[in-house]
Amino acid sequence: MPHPLVRRLTAACGAAALITGLLTVPATVASAADTTRDLGVSITSFTADLAVGGGRVFVSAADRVMVGDMDGNDTGDVVTGLAGVARLALNADATRLYASLPGSNEVAEIDTASSTVIRRLDLSSHPCPSTLALSGDRLWVGHGCGGEKGGEDGGVVGLDLTAAAPEPVTLGRVHARPPALVAARDTLVVGETGTHHADLLVYDVGGGTPVLRGEIDGQTQYLDRLNELALSLDGSTLISAADAPGSFTKYDTTTLAATGAYGDEWDGYPAGVAISAGGRFVAAGRQWGTDFTLYDGETGVSVYSADQPDAELVPGGVAFSEPDVFALLRSSAGRLLLWRLRGITLPASELTLTAPARASFGAPVPLKGRLTYAGGRPLTRQSLAVTRRLADGTSEPLDSVTTGKDGTFAFTDTPPDVGAVTYTVLWDGDGRARWTSTSATTTVKRNSNLTLDGPESGTVGEPLELTGVLTVGDGPPEPGATIILQRNVSDDDSGSVPLESVSTNADGSYSFTDTPQIAGTYTYLARWTGNTTAGAAKALKLVTVTPGTG
């Protein structure tokens, strides 16, 4: 199977998706406050891109760019007629969006206010434009039609966007495939893709002519199959996402030295990376592993992670919109999904919930918990959403609860059915702390009752007949419930002796016979162990047995 990036770049030159709708499919919940929305697109490869800015989310797929709000909902805007759109780049004030079109050898310039193409930049002399990077009024375009095996027509050109008809200016050397590009301030980084030794070329583009600052050797750094690059806003820190070494490697763009790493090779294949505006966080996406991890930008410590078990990250499809992060996924069914990880750059909060392990059907279940900031300071007078899920999988919201002065809360609920009942409590966050949720499960069972009747006295050698009835709730159990029996004799040192078990009749009744062999006080014990919907029960019967007259 071709590598995901190869699949992405190859498919960019042809039809990559079948449009079936636009942000109209109802959302499915990834976790309590994160959302995953089906964008109504079936994609045949991992070709799609994401740009976030100006209060909107732009997603490319096949022949169009879709526009959503910050919740991922359809705004009604869509840009169509784009020949195999590959990648997107949004300018600093989010007024212009650029889309590479390998299908027509153009870059489309889109007015984001009207969602219309205002001009098309011709790149027929540099075919298959794919990757994009913006630095001020200069647009850098990575191009090449080499596909999986590579070619000799790949490279980078620069376009002066202030010109009415920008002339492409070639930058640097020939590349086998469209290189990965990233730019910030006066720094542009060009990374080779699809190779086992991905060199990273660092340019100073602050002047009129780009100047090569230096090269990070891919062989020395063990960079194998580069997928994505990210730069801090000041251009000083570079992070690579490549299949190997498996971590997201950090570099200083002045010294070109590796200065750290995020994650390790066991987490999956790095596919996308982004740096938050202030550099405090690094958002990292992987394939064939944990889909998303948020790292502390300084220490490299993981502060948040999430996974979509039935989807894989689209390479390059990670973008910050603090305090949120957006990510593009491709489901196992080939659907393009927009994943909103809400509030994850905010400090964490802590929520507890406890419930009894078992409860009786028809009786209230008491639950309690506490909401605090990460340091333990209580969150007072906060509304919490409560959801109950029954054993059959049906869920419904319950009345919300409010925390007290110490952050605690309590409520009761009487479940309408038996089985495992799960309660989930969600706090939506407050702008100072991240949302949080937790769950607790109690097993609800019907009360059972077991009787055991028989004579008060008996004689050695004469049979004793004992009977009883098992009831579950207001009626009999299912026919054939097993009653476990045992006997203990006061004057016998052998202790408790198990008897042969019996089964209940359709009405819950049962009976058994025992013949005493010695005199004494006989204690008979009948037990039912219960089942998934009913609790256990037991009953005792004492019989005084005397010697026979013969």
Side-chain angles (χ1 to χ4, degrees), residues 5 8-9 49-53 60 86-92 97-100 107 129-144 154-159 161 171-172 175 177-195 198-206 210-216 218 221 223 225-242 248-254 256 258-260 262 270-279 281-285 297 314-320 325 328:
L5 183 66
R8 173 164 62 87
L9 295 179
D49 200 17
L50 174 71
V52 182
S60 69
R87 302 304 298 266
L88 302 175
L90 190 65
N91 68 356
L97 178 72
Y98 296 88
S100 59
V107 171
S130 178
T131 54
L132 301 174
L134 271 169
S135 58
D137 292 325
R138 190 81 60 89
L139 178 67
W140 305 98
V141 183
H143 62 89
V156 181
V157 296
L159 300 172
L161 298 175
L171 172 68
H175 294 266
R177 300 170 185 83
L181 301 178
V182 65
R185 291 278 181 91
D186 296 336
T187 300
L188 169 70
V189 182
V190 178
E192 294 181 325
T193 61
T195 66
D199 295 334
L200 307 180
L201 309 176
V202 182
Y203 291 89
D204 190 319
V205 292
V211 176
L212 180 64
R213 191 180 300 168
E215 180 176 329
I216 298 172
Q221 296 298 320
L223 282 174
R225 292 191 177 275
L226 179 68
N227 290 323
E228 191 74 7
L229 296 169
L231 270 176
S232 58
L233 283 183
D234 62 2
S236 65
T237 300
L238 172 70
I239 300 177
S240 64
F248 296 82
T249 307
K250 179 169 63 171
Y251 302 93
D252 185 309
T253 59
T254 300
L256 308 184
T259 58
Y262 303 92
V273 63
I275 304 174
S276 66
F281 298 103
V282 172
V314 173
V318 178
F320 274 99
V325 170
L328 282 181

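Since the model is a prediction, treat every value here as computed from it, not as a measurement.
Closest of all the heavy-atom pairs between R87 and G316 is NH2-CA, 4.0 Å. Closest of all the heavy-atom pairs between S100 and L132 is N-CD1, 3.6 Å. Residues A184 and S232 come closest through the heavy atom pair CB-O, 3.2 Å. Nearest heavy-atom pair, G158 versus W140, reported as atom, atom and distance to 0.1 Å: CA-CE3, 3.5 Å. What you find for L200 and Y251 is that their closest heavy atoms are CD1-CE1, 4.0 Å. Between N227 and P270, the shortest heavy-atom contact is ND2-O, 2.7 Å.
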> side chain to side chain contact (heavy atoms under 4.5 Å, CB included) between L161 and Y98: does it pass, once the steps are laid out?
Replying inline: CA-CA 11 Å; L161 298 175; Y98 296 88; 3.3 Å; yes
>> side chain to side chain contact (heavy atoms under 4.5 Å, CB included) for H175 and V190? Distances and angles first, verdict last.
In response: CA-CA 10 Å; H175 294 266; V190 178; 3.9 Å; yes
>> side chain to side chain contact (heavy atoms under 4.5 Å, CB included), that's the test. Do K250 and T237 meet it? Break it down for me.
In response: CA-CA 7 Å; K250 179 169 63 171; T237 300; 3.5 Å; yes
> Can L171 and L201 be said to form a side chain to side chain contact (heavy atoms under 4.5 Å, CB included), step by step?
Replying inline: CA-CA 11 Å; L171 172 68; L201 309 176; over 6 Å; no
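Taken from CG in L134 to CG in L88, the straight-line distance is 11.0 Å, to the nearest 0.5 Å. Distance check, rounded to the nearest 0.5 Å: OH of Y203 to CG of D186 gives 16.0 Å. Once rounded to the nearest 0.5 Å, the distance linking OG1 of T254 with CG of L238 reads 11.5 Å.
Within the 4.5 Å cutoff, the side chain of T195 has heavy atoms near those of the R177 side chain. Residues I216 and Q221 form a side-chain contact, since some pair of their non-hydrogen atoms from C-beta on lies under 4.5 Å apart. Side-chain contact between S240 and L223 is present, with heavy atoms from C-beta onward closer than 4.5 Å.
The residue from I275, V202, T253 that alone fulfils the side chain to side chain contact (heavy atoms under 4.5 Å, CB included) condition with L231 is T253. Of the candidates V156, L181, V141, T131 forms a side chain to side chain contact (heavy atoms under 4.5 Å, CB included) with just one, namely L181.
Using a 4.0 Å cut-off between charged side-chain N and carboxylate O, D204 and R213 make a salt bridge.
Between the E192 side chain and the D199 main chain, a donor and an acceptor come within less than 3.5 Å of each other.
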